[in-house]
Amino acid sequence: MTRVALVTGGSRGIGAAISKALQADGCTVAATYAGNDEAAAKFTEETGIKTYKWNVGDYESSTAGIAKVEEELGPIDIVVANAGITRDAPFHKMTPQQWQEVIDTNLTGVFNTIHPIWPGMRERKFGRIVVISSINGQKGQFAQVNYAATKAGDLGIIKSLAQEGARAGITANAICPGYIATDMVMAVPEKVRESIIAQIPVGRLGEPEEIARCVSFLASDDAGFINGSTISANGGQFFV
Ligand code: CAA
């Protein structure tokens with residue numbers, strides 16, 4: 001059976017690897033993006049995966065975008081809420097705007113992505129929800145009060161949805177990636193990044209494909225008994 005999967009922030013970084021992995025699993029994949037038209041067009045050209053542009057932080061745009069995806073590709077069976085941003089600053093320098101932008105995209109964006117799809121999943125008695133949280137939602141991080149709050153919030157979302165969706169065949173799980181070789185981590189000052197790598201027992205950054213493989217498993221029909229769980233994929237940097 002061909003499943004339809006939606007991956008937010010699915011044309012770059014970890015999201016792109018997830019989109020490709022789900023496509024390789026036989027899914028029809030829709031990848032969303034927020035702004036980078038060029039990267040999205042290139043991604044579609046290379047993979048054949050359709051991309052859709054909307055701001056996950058806006059409920060109306062999310063609802064309209066999801067309706068378009070379902071009209072073109074069919075009802076969504078798998079949702080990967082991956083879109084996320086950082087606006088790092090030590091707390092004494094963090095502005096209300098930096099706080100709000102991260103909350104809107106990383107936390108409200110998860111609500112906005114899952115909420116419009118949820119009723120259909122309940123009706124069809126099947127759904128796979130995977131939220132991409134972070135090691136920094138588990139352990140906190142200097143200069144990431146905003147980001148860590150959203151990523152910890154993601155874990156509350158999946159644990160609650162896991163209970164609400166269980167009888168309807170819907171599972172909700174999270175992955176907490178550690179530091180992965182993406183633009184987001186490369187934006188961290190080099191000296192800081194080096195000190196972070198020194199704290200990772202495997203001695204390297206993770207690869208996006210290593211996160212995508214976790215998603216692939218949680219999104220599969222076979223993973224129906226795994227619900228409300230968190231997979232930590234961080235090279236041994238932090239144990240829960
Ligand atoms: N722990 C303790 N102290 C730290 C620190 C840390 N991790 N990082 C910085 N500091 C210290 C600095 O040494 C400096 O101290 P001094 O003033 O005594 O020299 C002070 O904190 C920072 O002061 P600045 O005024 O220089 O800070 P800034 O306003 O320029 O901000 C920064 C710099 C934004 C904090 C920058 O260092 C940075 O980006 N750090 C990385 C934060 C980080 O790890 N983000 C994760 C991004 S990846 C991601 O989020 C993906 C994921 O899910 C894992």
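In each ligand, atom 1 is the first atom listed, and ligand 1 is the first ligand listed. Nothing here was measured: the structure is a model prediction, and the numbers come from that model. In this chain, residues are counted from 1 in sequence order.
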With heavy-atom distances below 4.0 Å as the criterion, list the atoms of ligand 1 near P90. 27 (O), 29 (O), 31 (O)

Just need the protein heavy atom nearest to atom 24 (P) of ligand 1, so name the residue and atom and give the distance. K93 NZ, 3.7 Å

I need the I129 CD1 to N173 CG distance, nearest 0.5 Å. 9.5 Å

What atoms of ligand 1 come within less than 4.0 Å of a heavy atom belonging to S134? 52 (C), 53 (O), 54 (C)

Of the side chain and backbone of I196, name the one, both, or neither that has a heavy atom under 4.0 Å from an atom of ligand 1. side chain

Looking at atom 12 (C) of ligand 1, is any protein heavy atom nearer than 4.0 Å to it? no

Looking at atom 53 (O) of ligand 1, would you say a protein heavy atom lies below 4.0 Å from it? yes

Classify the side-chain pair Q23/T47 by whether it contains a donor and acceptor separated by less than 3.5 Å. no

For atom 34 (C) of ligand 1, state which one of I132, D88, N234, V188 supplies the nearest heavy atom. D88

Part of A187 with heavy atoms under 4.0 Å of ligand 1, whether side chain, backbone, both or neither: neither

Counting only heavy atoms not in K53, do more than 12 sit closer than 6.0 Å to its NZ atom? yes

Pick whichever of Y179, F142, Y147 has a heavy atom sitting closest to atom 48 (S) of ligand 1. Y179

Name the option, out of D183, T86, V192, that contains the heavy atom nearest to atom 41 (C) of ligand 1. V192

When I226, I170, I78 are each screened for side chain to side chain contact (heavy atoms under 4.5 Å, CB included) with R128, the one that passes is I78

Flag: protein heavy atom within less than 4.0 Å of atom 15 (O) of ligand 1: no

Please check if any side-chain donor atom of T28 sits under 3.5 Å from a side-chain acceptor atom of T2, or the reverse. no

Between D25 and S216, a side-chain donor and acceptor under 3.5 Å: yes

Could you check atom 50 (O) of ligand 1 against the protein and tell me its nearest heavy-atom contact, residue, atom and distance included? Q144 NE2, 2.8 Å

For the student: nearest non-hydrogen atoms of S232 and V240, plus distance: OG-CG2, 3.9 Å

Option set M186, R193, M184, Q141, criterion heavy-atom distance to atom 49 (C) of ligand 1, minimum: M184

Scanning both residues in full, the closest heavy-atom pair of D154 with N106 reads OD1-O, 3.5 Å

Does the protein put any heavy atom within less than 4.0 Å of atom 28 (P) of ligand 1? yes

Heavy-atom distance to atom 38 (C) of ligand 1: which of P189, A143, G84 wins? P189

Run the numbers on I157 and L107 for side-chain contact (heavy atoms from CB on, under 4.5 Å), then give the verdict. CA-CA 9 Å; I157 290 174; L107 190 60; 3.9 Å; yes

Give a yes or no on this: more than 12 heavy atoms of other residues, nucleotides or ligands lie within 6.0 Å of atom CZ of R193. yes

Proximal atoms of ligand 1 relative to G178 (non-hydrogen, under 4.0 Å): 54 (C)

